[in-house]
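For the single chain, residues carry numbers from 1 onward in sequence order.
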Amino acid sequence: MRSPDLKASRTVKTAAGLCALLGAVSATTALSAGAAAASATPQVYVALGDSMASGPLIPDPTGQLACARSTHNYAHDLAATLGIPTLRDVTCSGASTTHMTNPQSLSIGGVAAGTAPPQFDALSADTTLVTLTIGGNDVGLVGVGQDCMQLNPFAAPCKGKYVVNGVDSVAARTNAFAPKLAAVLDGIHQRSPQARVLVTGYGLYIKNGGCWPTQPVLGSDATWLQSEVDYLNSTIAGTAAGHGATYVDVRTPSAGHDSCQSESNRWVEGYVPLTTAAPLHPNQAGEAAYARIVGAVVTGG
């Protein structure tokens, strides 16, 4: 027969083991509840940038009309897909790095149309996600593209206006843009220290060699123009890496979707848009595609 003392000892040990197990379960439950609460923290998304991000002429307009901001730009599509409850979209056509911290004078058809506040006004300490698309206006790429439109296939390439004696004035503007972008990224982190910051590049606007006369730009100029976009992209990527931001490449996945493609395949419009969008800008399909690309980066960590 077992002694009463032995039984009592085993009873005490069993009880102690159960208490330890229940304590561990309670701690695990508490941690899980804490993680769930953290993940349930309301997300606040701020979209900053220029017309590539605002989606000019794509239905439906929202905000200040002269900013040409669409409810179907990539920020709106991304917020809807990710279920982000708070979106502050302050993207605005014509914006440059200057307009992150300074007001932007607006116009429609050359007529003054008010002022947009500094885009940084939308940032706050509770911001959790920031997307930024900027640089095209600092470098003046759309203006260069418009200047290179050529109906005469025998004309001199427009590249000669911008690359003189081996000096590329467009690339020089891109080099000058880099420290401005760095300052913008530092400013975002200062205002929204908890936010994840994603910086997009620009897409594939025209394929190598172009497609004259579908897009009225000489083949050599088409190749050169896209090379300037690509140089801007590499500059954005390098600057983002050095200033705590994630670069999002939209150029590589744009292959086969440039302005030389059919209406159903193109993500950007050419000199004469085939859909409701601005010339030399993304169309609605392009903005939706950019939202998927950015979203994959967000969800992929």
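- Using a 4.5 Å cut-off between side-chain heavy atoms of Ile, Leu, Val, Met, Phe, Trp and Tyr, with links allowed through other members, Val184 and Leu198 fall into the same hydrophobic cluster.
- Scanning all heavy atoms of the two residues, the minimum distance from Arg266 to Glu269 falls at NH1-OE1, 3.3 Å.
- Within the 4.5 Å cutoff, no side-chain heavy atoms of Glu263 are placed close to those of Asn283.
- Within the 4.5 Å cutoff, the side chain of Asn73 has no heavy atoms near those of the Ile58 side chain.
- The nearest pair of heavy atoms linking Ala240 to Leu185 is CA-CD1, 3.8 Å.
- No more than 12 heavy-atom neighbours from other residues, nucleotides or ligands sit within 6.0 angstrom of CG on Leu65.
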Below 3.5 Å, can you tabulate the donor-acceptor pairs from side chains in residues 148-162 to any protein atom, sequence neighbours excluded?
{"unit_1": "Gln150", "atom_1": "OE1", "unit_2": "Asn152", "atom_2": "N", "d": "3.0"}
{"unit_1": "Asn152", "atom_1": "OD1", "unit_2": "Phe154", "atom_2": "N", "d": "2.9"}
{"unit_1": "Tyr162", "atom_1": "OH", "unit_2": "Asp147", "atom_2": "OD2", "d": "2.6"}

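- The CG atom of Asp168 lies 6.0 Å from the CH2 atom of Trp224; values are rounded to the nearest 0.5 Å.
- With hydrogens and angles left out, the side-chain atoms of Thr223 and Ser220 include no donor and acceptor closer than 3.5 Å.
- Heavy-atom minimum distance, Leu106 versus Ala66: CB-CB, 3.6 Å.
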All N/O donor-acceptor pairs, side-chain side in residues 285-294, below 3.5 Å, sequence neighbours left out:
{"unit_1": "Glu287", "atom_1": "OE1", "unit_2": "Tyr74", "atom_2": "N", "d": "2.8"}

key: From CA spacing to verdict: side chain to side chain donor-acceptor pair (under 3.5 Å), Ser54, Ser93   = CA-CA 6 Å; Ser54 68; Ser93 293; 3.2 Å; yes
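- Under the 3.5 Å distance criterion, the side-chain polar atoms of His243 are left unmatched by any main-chain donor or acceptor of Asp186.
- Across every non-hydrogen atom of Gly145 and Tyr271, the tightest pair is O-OH, 2.7 Å.
- Cluster annotation: Val46 is connected to Val298 through the hydrophobic network of ILVMFWY side chains, with a link wherever side-chain heavy atoms come within less than 4.5 Å.
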inquiry  = Pair Leu132, Met100 - check side-chain contact (heavy atoms from CB on, under 4.5 Å), show working.
reply    = CA-CA 10 Å; Leu132 171 67; Met100 299 299 105; 4.2 Å; yes
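- Closest heavy-atom contact between Cys67 and Ala116: SG-CB, 4.1 Å.
- Atoms OG and NE2, from Ser105 and His99 in turn, are 7.0 Å apart once rounded to the nearest 0.5 Å.
- Side-chain contact check for Arg69 versus Asp89: some heavy-atom pair is nearer than 4.5 Å.
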task = Check step by step if side-chain contact (heavy atoms from CB on, under 4.5 Å) holds for Tyr247 and Asn233.
result = CA-CA 9 Å; Tyr247 174 70; Asn233 285 339; 3.4 Å; yes
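- Between the side chains of Tyr202 and Thr133, no donor-acceptor pair of N or O atoms lies under 3.5 Å.
- Counting heavy atoms from C-beta on, the side chains of Ile188 and Leu48 come closer than 4.5 Å.
- No path of Ile, Leu, Val, Met, Phe, Trp and Tyr side chains, each step under 4.5 Å between heavy atoms, connects Val44 with Leu78, placing them in separate hydrophobic clusters.
- Although no hydrogens or angles enter the test, the distance criterion places no donor-acceptor pair under 3.5 Å between the side chain of His281 and the main chain of Ser51.
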task = Starting from the C-alpha separation in whole Å, work towards a yes-or-no answer on side chain to side chain donor-acceptor pair (under 3.5 Å) for Thr276 and Gln284.
result = CA-CA 8 Å; Thr276 308; Gln284 186 168 336; over 6 Å; no
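- You'll find the side chain of Val199 stays beyond 4.5 Å of the side chain of Ile134, heavy atoms only.
- The distance from atom OG1 of Thr174 to atom CG of Leu181, rounded to the nearest 0.5 Å, is 11.5 Å.
- Donor-acceptor pairing under 3.5 Å is lacking for the side chains of Thr62 and Thr71.
- One N or O on the side chain of Arg88 and one on the backbone of Ala122 form a donor-acceptor pair closer than 3.5 Å.
- The distance from atom CD of Glu228 to atom CZ of Arg173, rounded to the nearest 0.5 Å, is 8.5 Å.
- One finds the CG atom of Leu232 at 11.5 Å from the OG atom of Ser227 (value rounded to the nearest 0.5 Å).
- Taking the side chain as every heavy atom from C-beta outward, Gln226 and Asp258 never approach each other to under 4.5 Å.
- Cys260 places a side-chain heavy atom less than 4.5 Å from the side chain of Ile206.
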query = Does the side-chain contact (heavy atoms from CB on, under 4.5 Å) test come out yes or no for Asn137 and Val142, once each step is laid out?
reply = CA-CA 8 Å; Asn137 292 313; Val142 170; 5.6 Å; no
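- There is a path of hydrophobic side-chain contacts, each under 4.5 Å, that joins Val217 to Val170.
- The structure places CE of Met52 at 13.5 Å from CG of Leu280, a figure rounded to the nearest 0.5 Å.
- Looking at heavy atoms from C-beta onward, His76 lies out of side-chain contact with Ser70 at the 4.5 angstrom threshold.
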Candidate pair Asn175 and Tyr231, rule side-chain contact (heavy atoms from CB on, under 4.5 Å), full reasoning = CA-CA 9 Å; Asn175 293 335; Tyr231 183 59; 2.4 Å; yes
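- Taking each heavy atom of Thr239 and Ala178 in turn, the nearest pair found is CG2-O, 3.7 Å.
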ask   = Can you check side chain to side chain donor-acceptor pair (under 3.5 Å) on Tyr205 and Ser254, steps first, answer last?
value = CA-CA 8 Å; Tyr205 286 83; Ser254 293; over 6 Å; no
